[in-house]
A.B. asks: 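Once you've had a glance at the structure underneath, I'll fire off some questions.
Since the structure is predicted, the reported quantities are computational estimates derived from the model, not experimental observations. Side chains included, hydrogens not; waters and symmetry mates left out as well; all remaining heavy atoms used. Sequence positions, counted from 1, serve as the residue numbers for this chain. In each ligand, atom 1 is the first atom listed, and ligand 1 is the first ligand listed.
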Amino acid sequence: MQRTRWYKDAVFYQIWPRSFCDGNGDGIGDLWGVLGKLDYIASLGVTGIWFSPLYPSPQADFGYDIADYYDINPEYGTLEVFRQVLDGAHERGLKVIMDLVVNHSSDECAWFAESRSSRDNRYADWYIWRDGKTPGSPEEGGTPPNNWDSLFEGKAWEYEPARDQWYLHIFAKKQPDLNMDNPEVRAEVERIMRFWLDMGVDGFREDVITYISKVEGLPDDNPLKPAARGMQFYDHGPHVHEYLRQFRRDVLDDYDCMTVGEAPMISAEKALEYAEEGPDQELDMLFTFEHMGADCLFTDWIPRPFDLRSYKQALGSWQTGLGGRAWNALYIENHDHPRIISRYGSESYRVESGKSLACSYLFLRGTPFVYQGQEIGMTNTHLASVDESADVSTFNQHRLVREMGLSEKAALWLVNRATRDHARTPVQWSSAPGAGFVGGDGTAEPWYPINPNYPVINVAAAEADPHSLLAFYRAAIALRRRLPVVREGGYRELKRASGQLYAYVREGAGQRLLVVCSLSPKTAYFSAPADLDLAAGELCLCGYEDAPLEGNAFFLRPYECRVYLWEDAGEEQVC
Ligand code: GLC
Ligand code: CA
């Protein structure tokens, strides 16, 4: 099968199904809801959909704990409805990629139910089971096999009396890690891939895929580390490349599909080991995190004000760091991060900062992803107490900072800054009761409270306003798709030292594109270099209604952004 690398021209829209649109009136988003919104999605100009997990799941981590890899969660629909969504998407020119979560399954997956039941059953070796360091149950004084922490819920090990052994869970207790070293598990992963690809899906977003291979012997980590002990022993583990190459060779190469791997804590240099184009390529692109930490030190728990220079540095290092040898995945929101306007922009300049943030990433080299609600500028919600959270990782962070001695008030402040709940409130479709999210007669209680700002921030209101953020996203996506320079061109940053502006030039394919974004509430000033004659360029986008020039320069109003284009310019080059 010849891979066409169609994904290089793609723009994806991410659906987190529980909160996208409820079709059947029970207050939970579902595939019937998606069916009714396919025209809306296509109207954005995007060319694909990434579905966060749709599979049957006890929802301990909202689908990232899969109980059955070959079916659809009954709350969301059936395989039949999924096929309708797939066909409807394809008819509209939209590709569909599924979330593939194979570092771990749910503890309610049939494989785990059997695996935990004894030491000698068909699935006995499908998970990572070890004897305790000291024998017996925790009540009898037994201790876990090593000192690793889980990322979501206390220690990384849980005791199972039926086996008198412990299982590893890097995430929540209900997310036992699969033993990828077992060839049967890898064969099962391949079956799962083929099942969905044969149905017609166009690829996968592979969840924490850099975690699938654990260091032999599972040694103790430095006990003095404050949290996340063990990560170095499973991130980029010894067999990860071998396994990913196997999946590519055995399955993925038979389809004209694409893969994007989630890769926390990775450098551009390391990314090439996974995504460098060539015979040994494993993944088509990676979701990386550096640019998402421009408002925190080390971890989400030590916040600082948004730092534009770190944001630019992170984005720029990936634009140039891959050296044209691998492809980027571009995003500023997803289901794991607070809303970007509340984080990096300004709720007081909601639409303006939303436009400028959109420009800051949509014209970079790579495949952009837009998260549901991002295109209308949804903002963070507010939790009056941690009990209002629905997120297993939020409870963990709250507990950890309380244990570190923080007051409840301070802990709640941190929760409100970092919780994933912000991204998971229902999409605001209209000012009707239930925000147009709740289907049927609209009277059901939504599964999670709708952000009270829905009468103002909603799709219907944005549709009626030609200057809305939604209109801007449509224009920006259309522009991106029309210009070969965005795919082909090199990347050059201007005004690197500026603490207000992010400015970059894309050059190539006979075009030159200048993107200037203010990420500041104060007036800023941009003077163009001599080789960019602003008056001769075409103003393609502007976050405000007019775009006055002062010679070969301009003042930017709060969070203003502009994009200029010169045709028949720029060298053929790839960055
Ligand atoms: C990824 C997902 C996140 C999930 C975690 C464990 O980071 O994006 O939502 O909680 O993996 O599966
Ligand atoms: Ca529903």
A.B. asks: Under 4.0 Å, heavy-atom basis, I'd like to know which part of H337 is in contact with ligand 1: side chain, backbone, both or neither.
C.D. replies: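 The answer is neither.
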A.B. asks: List ligand 1 atoms under 4.0 Å from H104, heavy atoms only on the residue side.
C.D. replies: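 Answer, ordered by atom number: 6 (C), 12 (O).
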A.B. asks: Restricting to side-chain hydrogen bond (donor to acceptor under 3.5 Å, both in side chains), what partner residues turn up for D22, sequence neighbours left out?
C.D. replies: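 In terms of side-chain hydrogen bond (donor to acceptor under 3.5 Å, both in side chains), with neighbours along the sequence ignored, D22 is linked to no residue.
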A.B. asks: Assert yes or no for the condition that the ring centre distance of F20 to W429 is strictly below 6.0 Å.
C.D. replies: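 Yes: the rings meet the under 6.0 Å criterion.
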A.B. asks: Taking non-hydrogen atoms only, is R424 closer than 4.0 angstrom to ligand 1 via side chain, backbone, both or neither?
C.D. replies: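 Side chain only; the backbone of R424 stays clear of ligand 1.
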A.B. asks: Does the ring center of F395 lie less than 6.0 Å from the ring center of F152?
C.D. replies: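 Centroid separation for F395 and F152: 6.0 Å or greater.
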A.B. asks: Taking 4.0 angstrom as the limit and counting only heavy atoms of E262, give me the atoms of ligand 1 inside it, by number and element.
C.D. replies: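 Heavy-atom distances to E262 below 4.0 Å select 1 (C), 7 (O), 8 (O), 11 (O).
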A.B. asks: Test of understanding: with side-chain contact (heavy atoms from CB on, under 4.5 Å), list the residues that count as partners of Q59, not counting sequence neighbours.
C.D. replies: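 With sequence neighbours excluded, Q59 shows a side-chain contact (heavy atoms from CB on, under 4.5 Å) to R18, S57, F62, N73, E75, Y76, given in chain and number order.
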A.B. asks: If you count the atoms of ligand 1 from 1 in the order shown, which ones are under 4.0 Å from a heavy atom of R205?
C.D. replies: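 In order of numbering, the contacting atoms are 2 (C), 8 (O).
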A.B. asks: Please assess N451 against Q428 for the test side chain to side chain contact (heavy atoms under 4.5 Å, CB included), listing each intermediate value before the final yes or no.
C.D. replies: CA-CA 8 Å; N451 190 314; Q428 298 160 204; 3.1 Å; yes
A.B. asks: Got a donor-acceptor contact below 3.5 angstrom from the H291 side chain to the Y331 backbone?
C.D. replies: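 Checking the backbone N and O of Y331 against the side chain of H291, a donor-acceptor pair under 3.5 Å is found.
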A.B. asks: Who passes side-chain hydrogen bond (donor to acceptor under 3.5 Å, both in side chains) against D220, sequence neighbours left out?
C.D. replies: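 K133.
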A.B. asks: Please give me the minimum heavy-atom distance between P303 and W413, naming the atom from each residue.
C.D. replies: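 Taking every non-hydrogen atom into account, CG-CZ3, 3.6 Å.
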A.B. asks: Which residue and atom name correspond to the protein heavy atom nearest atom 4 (C) of ligand 1, and how close is it?
C.D. replies: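 Result: D61 OD2, 3.2 Å.
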A.B. asks: Can you name the atoms of ligand 1, numbered from 1 with element, that are less than 4.0 Å from a heavy atom of R420?
C.D. replies: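 Result: 3 (C), 4 (C), 9 (O), 10 (O).
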A.B. asks: Near H335, which atoms of ligand 1 are under 4.0 Å from a heavy atom of that residue?
C.D. replies: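 Taking each heavy atom of H335 in turn, ligand 1 has 2 (C), 3 (C), 8 (O), 9 (O) under 4.0 Å.
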A.B. asks: Find all atoms of ligand 1 within a distance of less than 4.0 Å from any non-hydrogen atom belonging to F171, and give their numbers and elements.
C.D. replies: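 Taking each heavy atom of F171 in turn, ligand 1 has 5 (C), 6 (C) under 4.0 Å.
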A.B. asks: Heavy atoms only: which of D207, I209, D391, I66 is nearest to atom 2 (C) of ligand 1?
C.D. replies: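 The nearest heavy atom belongs to D207.
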A.B. asks: What verdict does the salt bridge (Lys or Arg N to Asp or Glu O under 4.0 Å) test give for D87 and R83, after you've listed the backbone C-alpha separation in whole Å, the side-chain angles of each residue and the deciding distance to 0.1 Å?
C.D. replies: CA-CA 6 Å; D87 291 347; R83 283 195 194 92; over 6 Å; no
A.B. asks: Report the protein N/O/S neighbours of the Ca ion (ligand 2) that fall below 3.0 Å; do not count waters.
C.D. replies: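 Checking every protein N, O and S atom gives D22 OD1, N24 OD1, D26 OD1, I28 O, D30 OD2.
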A.B. asks: Return the closest protein heavy atom for atom 9 (O) of ligand 1 as residue, atom name and distance.
C.D. replies: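 Of every protein heavy atom, D336 OD1, 2.7 Å lies nearest to atom 9 (O) of ligand 1.
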A.B. asks: Do you know the tightest heavy-atom contact between G321 and L272?
C.D. replies: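 Closest heavy-atom pair between G321 and L272: O-CD1, 4.4 Å.
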A.B. asks: Before we go on, tell me: are the rings of W196 and Y255 under 6.0 Å apart, centre to centre?
C.D. replies: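 Between W196 and Y255, the centre distance exceeds or equals 6.0 Å.
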A.B. asks: Can you list the atoms of ligand 1 that are under 4.0 Å from a heavy atom of F152?
C.D. replies: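 This gives 10 (O) as the contact atoms.
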A.B. asks: Of the side chain and backbone of F62, name the one, both, or neither that has a heavy atom under 4.0 Å from an atom of ligand 1.
C.D. replies: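 Within the 4.0 Å criterion, F62 makes no contact with ligand 1.
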A.B. asks: Check the angle between the aromatic planes of Y69 and W111 and answer parallel, tilted or perpendicular using the 30° and 60° thresholds.
C.D. replies: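 Geometry flag for W111 against Y69: parallel rings.
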